[in-house]
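Counting from 1, the numbers follow the sequence of the chain as shown.
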Amino acid sequence: MFLLWNIASVVEKTIFEKIISREIPANIVFENDIAVIIRDINPQAPVHVLIIPKRRIDRIEAAQDGDVELLGKLLIMARDFAKSHNLTGFRLVINNGKQAGETAPHLHIHLLSDRLMGWPPG
């Protein structure tokens, strides 16, 4: 038991966990018991929000089969945000790993809209 506590005590909170616990400020536009939606501090589109689950999953490759319901709810939250803001075209992005642009080890979905999105992305 001591070993488990000791390992857990060295895991630092991510920036998103600090936002969720209100240790650092953020522009929160929606919150429920599952997730928060915040405005990105470095927006890449006129509308750029992050949908962040309150339960930390480091990245999509770390998701477990038991996370299916949570991941589905995050996508529905993205849909609902887009509908409530009359966004008819939008892009959802999940980065996995530093090479893909991941900057925080806490899975989140970027929702971008209100500009033409090129293809291929990246």
Side-chain angles (χ1 to χ4, degrees):
M1 189 67 141
F2 174 77
L3 179 61
L4 290 177
W5 178 86
N6 207 14
I7 292 170
S9 68
V10 298
V11 175
E12 286 190 39
K13 283 185 176 181
T14 67
I15 188 169
F16 296 136
E17 287 171 307
K18 290 176 182 178
I19 288 170
I20 291 164
S21 66
R22 305 302 197 271
E23 293 174 53
I24 59 175
N27 187 346
I28 297 173
V29 296
F30 179 81
E31 180 174 15
N32 64 17
D33 59 331
I34 296 166
V36 297
I37 300 178
I38 66 171
R39 298 229 179 261
D40 195 293
I41 61 170
N42 184 24
Q44 301 301 305
V47 175
H48 185 174
V49 297
L50 306 178
I51 302 155
I52 308 163
K54 290 185 174 179
R55 184 169 57 78
R56 179 177 168 179
I57 300 170
D58 284 353
R59 60 195 47 83
I60 196 68
E61 73 180 1
Q64 304 293 311
D65 290 347
D67 295 322
V68 168
E69 184 177 357
L70 172 61
L71 296 172
K73 287 180 178 182
L74 295 174
L75 292 176
I76 296 301
M77 285 179 69
R79 178 205 65 190
D80 291 348
F81 178 88
K83 278 185 178 180
S84 70
H85 289 79
N86 299 313
L87 305 176
T88 56
F90 58 92
R91 178 170 287 167
L92 301 178
V93 176
I94 300 173
N95 298 321
N96 187 88
K98 290 182 194 262
Q99 188 175 14
E102 178 186 293
T103 58
H106 189 134
L107 180 138
H108 56 284
I109 300 170
H110 295 257
L111 184 150
L112 302 104
S113 186
D114 278 3
R115 74 165 170 83
L116 183 62
M117 303 287 165
W119 195 263

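Rounded to the nearest 0.5 Å, atoms NZ (Lys18) and CD1 (Ile24) are 6.5 Å apart. Taking CG of Asp40 as the start and CG of Leu50 as the end, the distance is 4.5 Å to the nearest 0.5 Å. Taking CZ of Arg79 as the start and CD1 of Ile76 as the end, the distance is 4.0 Å to the nearest 0.5 Å. Atom-to-atom distance recorded for Ile51:CD1 and Leu111:CG is 5.0 Å, nearest 0.5 angstrom. One distance of note links NE2 of His110 with CD1 of Ile94; it measures 9.5 Å at 0.5 Å rounding.
The minimum heavy-atom distance between Pro53 and Ile20, with the atom names listed, is O-CD1, 3.7 Å. Residue Leu112 comes nearest to Gln44 through the heavy atom pair CD2-CB, 3.8 Å, listed as atom of the first residue, atom of the second, then distance. Nearest heavy-atom pair, Pro46 versus Arg115, reported as atom, atom and distance to 0.1 Å: CD-CB, 3.8 Å. Here the closest heavy-atom approach between residue Ser113 and residue Ala45 is recorded as O-CB, 3.5 Å. Heavy atoms only, all atoms of each residue included: Glu17 and Thr14 are closest at OE1-N, 2.8 Å. Between Arg59 and Pro105, the closest heavy-atom pair is NH2-CB, 3.8 Å.
Although no hydrogens or angles enter the test, the distance criterion places a donor-acceptor pair under 3.5 Å between the side chain of Gln64 and the main chain of Ala62.
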So Thr103 and Asn95, side chain to side chain contact (heavy atoms under 4.5 Å, CB included) or not? Walk me through it.
-> CA-CA 9 Å; Thr103 58; Asn95 298 321; over 6 Å; no
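Between Val93 and His48, every side-chain heavy-atom pair lies at or beyond the 4.5 Å cut-off. Looking at Ile38 and Asn27, their side chains never come closer than 4.5 Å, going by heavy atoms from C-beta outward. Within the 4.5 Å cutoff, the side chain of Lys13 has heavy atoms near those of the Glu23 side chain.
Under the side-chain contact (heavy atoms from CB on, under 4.5 Å) criterion, Asn32 pairs with Phe30, Ile34, Ala35, Met77, not counting sequence neighbours. Residues that satisfy the ring-ring contact (aromatic ring centres under 6.0 Å, His included) test with Phe81, not counting sequence neighbours, are His85. Checked against side-chain contact (heavy atoms from CB on, under 4.5 Å), Pro25 has no partners two or more places apart in sequence or in another chain.
The cluster map of Ile, Leu, Val, Met, Phe, Trp and Tyr, joined by side-chain heavy atoms under 4.5 Å apart, puts Val29 and Ile52 in different clusters. A continuous path of ILVMFWY side-chain contacts below 4.5 Å connects Leu92 to Leu87, so both sit in one hydrophobic cluster.
Of the candidates Leu107, Ile57, Ile37, Leu74 forms a side chain to side chain contact (heavy atoms under 4.5 Å, CB included) with just one, namely Leu107. The one candidate from Asp67, Leu71, Ile109 that meets the side chain to side chain contact (heavy atoms under 4.5 Å, CB included) condition with Ile60 is Leu71.
Ring geometry for Phe16 versus His106: interplanar angle over 60°, hence perpendicular rather than tilted (30 to 60°).
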